[in-house]
Engineer: 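I have a structure I would like to understand better, so I am pasting it below and will then ask my questions one at a time.
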Amino acid sequence: MSHQCTSIRDDKRQFCDEMFPPPPHLSDAKPKPNLDGNPFELLKDANHMSEDEIARFFTEAINTFGIMPGFKFARCGNRPESDYVDEFLEQKIDAAFYHEELTPDDERPHWSDQVLPTEFKKHSLGQDVFHDWGETVPAEAESLKNSRNQIISYAELIFAVQQRVALFMLLVMGRRLRFIRWDRSGTYVTTALDYYVEWEYFCDILWRISNRTDEQLGLDPSATRICPGNPDYQRMTDAAAPNVNDINQEQNNDGGALDGREFMYVRDGFRKSLRPEWHRFKLEVPDGDGVREFLVGRPVFLAKGMAGRGTRGYIALDCKTGRFVWLKDSWRAHYLLVEKEGDILAELNAANVPNVPTLVCHGDIRDQETLTPLLWERKKPPAPATANDHPSSSSSSRTAVPLSSNTSTKRKRVDDDAAFPPQFCDPKAPDIDLGQPFREDCPLRLHKHYRMVVEEVGMPLSKFRDGRELVSVVYDCILAHEAAATNPATQRLHRDISAGNILIYPKFVHVDEYGITFLKWTGILSDWEMSQKPDDEDSKRKPLQPERTGTWPFMAVSVLGRTVKIVDIPEELESFFHVILYHTVRYLPSNCDDITIAYYLDSYFDTYNFCNGLWSCGSQKSDTIKYGELRVNEGVELHFDSPMDDLFAELLSWFSSHYAIERYERSQPETRAPSLPSSQYTPKNRPPSLAYPFPKRQRGQERFKRVINPAPTESQTIWASYLRSHSHILGCFEDAIVDARWPTVAGKRDRVPLGSKPNRDNPQPSMPTSSRSKRPRINGHAATIVFPLPCAPPIRQSGRVQWASTRTLHR
């Protein structure tokens, strides 16, 4: 796992005085330990010790002398946490401070109980991620990258299993140590401290920490841990038990209404989230002027990466109604003009937009914001403003610029802030107007803690049962998109059409014509967080955030081009096409074997091109749209022997026509000086550069020259016009749904073997491995990505991305 995270270094005393001030009332404080001498005397030669020796003597000193009252320091041994917590990564931090009553004795990390995690390294310049030794070492040296990735992954895991606003960590390297503070924007780290020489100061800091509250040490006070014996603990256990009245979503059954019942997959999902290894919590969510409470276990969806929105999705039990709901916990980008997703859903619900989530409640959590951007501003005051400076370069009390946290060379399950190849951003694009000044030079984004609850708990799109149902589910989401985009009360584009945002939700549907009610798997278009209203011409449709968003595999070819492209209806419809193509290729029978399918998916969805410093769409995807043909390679067309073939052929004719017209229009300059045919050049009208003699010879007939971008044909003009609205694509989907040629046996299965990935240096894909040190394959495509301005260094993504079995029932 490889990461990128922006850090701020500060003086150790300033850091500790701000983060760990002395208790205001000494009479109420825990007593200071009486130390007659240096408790770290055995670590005098720590610079020549191994990591194990340093950790052993350090642990003895802390616990023997009671340096941190109320806490114990415990080594984590060599036994990793269970896979349910650590997802097969088997991470093991060296040690941690725990509350005395929660100190483990089984040599496991117990990530959910750690208060101040501690990592030990031997004395080496290459082991100090934040080195300030006066020596030089390449920032990307392998040892530094490994150490950085290691501590970031520890912080990431602790944020996942605990409910935190911030996290403090201790990094010990020989006789030197640093305090580190993590939040969703970046890291704040001290200069190195020699704890052997400055032992009195270090012991004083640990005593101060022991007198800080859990909230002051970064834990979220809006989340209450539920322990066995608590009535809510038993309430969750009872709610998770199988219920004979639950509706089996696989059967076209009874009743015709929910009538207070639950779907079996929802209760099953809640039950799977309750395990002893993962603590249960009661979470607060604002509800108007009040607060509503929800009970949760392990998140069903967990975004990867330390910096970013850190989205977690839960099947939650509503304490008020006793019903299961979907709770989304995230750190939203905090800008003045950026809308909250709950406000957007409330608008869509009020306008009766179909097939979108139904809002229950939402709001910011206790004004919790990331602190690191503000600390960065303080450390790096802006240069004095000049008369020519743009207002956006001025100082602000709020800084908001993107930070990418993942730079892995391996594609993995990523969060809504995962680092895919960054989109090129035109430096001549319109200025960004956030409604407030912000520091453009700050590498950090400001985030605010936010929760939202909706009624529907959906299933991932990959759960579709046959091709007709896949088309029907996507059709429902296009209906939702049309209503949101065209309703005068909304007029909103989604701007992140992707596999993860199209959900399946069973719904009872009544057909008046036949007088029957049946259970239909419908589609829900979720995650409207990045949606935007098409602004008028005067506003130039400026972005509301200094970034561009989307999910790389499903973004339109033009949006992944080398120039800035404003997303409109044709680009959104193209994203729907990419979504249905991905699931058709991966899960339905075709004329290609599984190995070919794995390579095709990798080539089409997970690759990109690089030219002259710019990043753009991969060739397989762009050629498919440009030429309107589904080709695995030269001479081999991809087909499915079902109505999908006609659906794809028709849609591709529209998209290829649309791009042909775009290419033609780009090739037509506003003004062009007329040129003379070659036969009319004379010494008088020749440019000076052509004023040289040609041999006298008989000239042939005028050559017929190829037109690079020919004018579009009448049919291309008509086909391209079909993408200006939703009506034609909806008609196309309707024809496919009612087509009688669908196979009676669906034959749906995952064509990409679990744990495999294409290896372009080896004609055979790598097959699943039994090594538990490898990250498991993820079962589907990832969530929203963020493209920073300006573009960051590229990340070569390889292999396939899949959804984990716990990936999402809803995002």
Side-chain angles (χ1 to χ4, degrees), residues 222 258 260 262-263 266 269-270 282-296 299-301 309 311-334 338-366 416 448-459 476-477 479-485 487-497 500-507 522-533 544 783-784 808-811:
S222 72
L258 282 177
E262 302 285 356
F263 287 111
V266 177
F270 184 74
K282 178 188 288 184
L283 302 182
E284 296 178 3
V285 182
D287 185 14
D289 295 330
V291 171
R292 201 154 163 176
E293 295 177 327
F294 300 86
L295 307 178
V296 301
V300 176
F301 168 73
R309 292 198 299 277
T311 303
R312 289 181 286 189
Y314 299 90
I315 299 177
L317 184 65
D318 188 342
C319 292
K320 180 178 180 180
T321 65
R323 298 297 306 273
F324 292 119
V325 292
W326 182 259
L327 189 152
K328 180 178 178 179
D329 180 294
S330 64
W331 288 79
R332 67 182 184 88
H334 185 28
V338 174
E339 301 171 276
K340 299 175 185 176
E341 185 178 5
D343 290 336
I344 297 171
L345 282 183
E347 176 187 89
L348 296 175
N349 293 160
N352 295 317
V353 173
N355 306 323
V356 298
T358 305
L359 180 68
V360 175
C361 58
H362 74 110
D364 292 329
I365 306 301
R366 299 194 180 192
D416 39 358
K448 194 161 190 173
H449 198 186
Y450 176 77
R451 292 189 184 121
M452 180 186 72
V453 179
V454 298
E455 290 183 6
E456 296 83 1
V457 180
M459 294 182 284
D476 290 339
C477 293
L479 282 174
H481 190 274
E482 178 191 38
N487 190 316
T490 55
Q491 292 188 324
R492 180 180 296 277
L493 294 177
H494 188 278
R495 296 175 66 242
D496 185 24
I497 304 299
N501 295 337
I502 294 179
L503 306 171
I504 298 173
Y505 184 68
K507 186 182 297 184
T522 62
I524 289 183
L525 186 57
S526 67
D527 267 18
W528 290 82
E529 175 178 13
M530 295 298 169
S531 67
Q532 186 173 325
K533 292 175 180 276
L544 297 183
T784 303
T808 106
L809 297 183
H810 192 296
R811 286 193 58 224

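Owing to the predicted nature of the structure, the values given are computational and were not obtained by experimental measurement. We count residues from 1, following the sequence as given.
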Engineer: In Å, rounded to the nearest 0.5 Å, how long is the span from OG1 of Thr358 to CD of Glu456?
Structural biologist: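 Atom-to-atom, Thr358:OG1 and Glu456:CD are 3.5 Å apart.
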Engineer: Do we see a donor-acceptor contact under 3.5 Å between the side chains of His362 and Asp343?
Structural biologist: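 Judged by distance alone, the side chains do pair up.
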Engineer: A side-chain contact here means heavy atoms from C-beta on lying under 4.5 Å apart; do Leu493 and His481 qualify?
Structural biologist: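 Of all side-chain heavy-atom pairs linking His481 with Leu493, at least one is under 4.5 Å.
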Engineer: Measure the spacing between CD1 of Ile315 and CZ of Phe301 and express it to the nearest 0.5 Å.
Structural biologist: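 Answer for the CD1-CZ pair, Ile315 versus Phe301, is 14.0 Å.
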Engineer: Specify the closest pair of heavy atoms between Pro286 and Asp364, including all atoms of both residues, with the distance to one decimal.
Structural biologist: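 Nearest pair, atom of Pro286 first, then Asp364: CG-O, 3.3 Å.
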Engineer: Where the side chain of Asn355 meets the backbone of Asp476, is there a donor-acceptor pair that is under 3.5 Å apart?
Structural biologist: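 Checking the backbone N and O of Asp476 against the side chain of Asn355, a donor-acceptor pair under 3.5 Å is found.
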Engineer: Hey, is the main chain of Leu327 close enough, under 3.5 Å, to the side chain of Arg451 for a donor-acceptor pair?
Structural biologist: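 Pair absent, no side-chain N/O of Arg451 close to backbone of Leu327.
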Engineer: Roughly how far, to the nearest 0.5 Å, is the CG atom of Asp329 from the OG1 atom of Thr311?
Structural biologist: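 Taking OG1 in Thr311 and CG in Asp329, the distance rounds to 8.0 Å.
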Engineer: Check whether any side-chain N or O of Asp496 sits under 3.5 Å from a backbone N or O of Asn501 as a donor-acceptor pair, and report yes or no.
Structural biologist: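 Side chain of Asp496 to backbone of Asn501, a donor-acceptor pair under 3.5 Å: no, none is there.
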Engineer: Can Lys533 and Glu339 be counted as an ion pair, charged N to O under 4.0 angstrom?
Structural biologist: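 Here Lys533 does not pair with Glu339 in a salt bridge, since their nearest N and O are not under 4.0 Å apart.
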Engineer: Could you check if a side-chain atom of Arg366 sits within less than 4.5 angstrom of a side-chain atom of His449, using non-hydrogen atoms only?
Structural biologist: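 They are not in side-chain contact.
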Engineer: I'd like to know if the side chain of His494 reaches the main chain of Asp527, judged simply by a donor and an acceptor atom lying under 3.5 Å from each other, with no hydrogens or angles considered.
Structural biologist: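 Yes.
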Engineer: Look at the side chain of Asn349 and the backbone N and O of Pro357, then say whether any donor-acceptor pair between them is shorter than 3.5 Å.
Structural biologist: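 Yes; at least one donor-acceptor contact below 3.5 Å.
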Engineer: Which atom pair, heavy atoms only, marks the closest approach of Ala483 to Pro354?
Structural biologist: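 Closest heavy-atom pair between Ala483 and Pro354: CB-CD, 3.6 Å.
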Engineer: Where the side chain of Glu262 meets the backbone of Phe324, is there a donor-acceptor pair that is under 3.5 Å apart?
Structural biologist: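 Yes, because the side chain of Glu262 sits within donor-acceptor range (under 3.5 Å) of the backbone of Phe324.
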Engineer: Whether the side chain of Thr490 engages the backbone of Ala484 through a donor-acceptor N/O pair (distance < 3.5 Å, no angle test) should be reported.
Structural biologist: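 Confirmed, Thr490 side chain pairs with Ala484 backbone.
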Engineer: Does some side-chain heavy atom of Leu479 sit less than 4.5 Å from a side-chain heavy atom of Leu525?
Structural biologist: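 A side-chain contact under 4.5 Å is absent here.
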Engineer: Quick one: does any side-chain atom of Tyr450 pair with a main-chain N or O of Gly342 as donor and acceptor, under 3.5 Å?
Structural biologist: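 Such a contact is found between Tyr450 side chain and Gly342 backbone.
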Engineer: Is it true that the side chains of Ser531 and Arg492 contain a donor and an acceptor less than 3.5 Å apart?
Structural biologist: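 Note: Ser531 and Arg492 side chains meet the donor-acceptor criterion.
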Engineer: Taking all atoms of both residues into account, what is the closest heavy-atom pair of Met459 and Pro506, and its distance?
Structural biologist: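 Heavy atoms of Met459 and Pro506 come nearest at CE-CG, 3.9 Å.
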Engineer: OG/Ser222 to CD1/Ile365 distance, rounded to the nearest 0.5 angstrom?
Structural biologist: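 Going from OG on Ser222 over to CD1 on Ile365, the span is 5.0 Å.
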Engineer: Run the side-chain contact (heavy atoms from CB on, under 4.5 Å) test on Met452 and Leu345 for me, step by step, so that the C-alpha distance in whole Å, both residues' side-chain angles and the decisive distance to 0.1 Å come before the verdict.
Structural biologist: CA-CA 10 Å; Met452 180 186 72; Leu345 282 183; 3.8 Å; yes
Engineer: How far apart are the C-alpha atoms of Val454 and Lys328, what are their side-chain angles, what is the distance that settles it, and do they pass the side-chain contact (heavy atoms from CB on, under 4.5 Å) test?
Structural biologist: CA-CA 8 Å; Val454 298; Lys328 180 178 178 179; over 6 Å; no
Engineer: Please report the interatomic distance CG(Leu283) to CG(Leu295), rounded to the nearest 0.5 Å.
Structural biologist: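 It is 8.5 Å, given to the nearest 0.5 Å.
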Engineer: Aromatic rings Phe263 and Tyr505: how do their planes relate, parallel, tilted or perpendicular, breaks at 30° and 60°?
Structural biologist: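 Correct class here is perpendicular.
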Engineer: Of all heavy-atom pairs between Phe294 and Ala316, which one has the smallest distance, and what is that distance?
Structural biologist: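 Closest approach of Phe294 to Ala316: CB-CB, 4.1 Å.
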Engineer: Stepwise, does the side-chain contact (heavy atoms from CB on, under 4.5 Å) test hold for Val360 with Arg292?
Structural biologist: CA-CA 10 Å; Val360 175; Arg292 201 154 163 176; 3.6 Å; yes
Engineer: What distance do Asn487 atom CG and Asn352 atom CG have between them, rounded to the nearest 0.5 Å?
Structural biologist: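 Between Asn487 CG and Asn352 CG, I get 8.5 Å after rounding to 0.5 Å.
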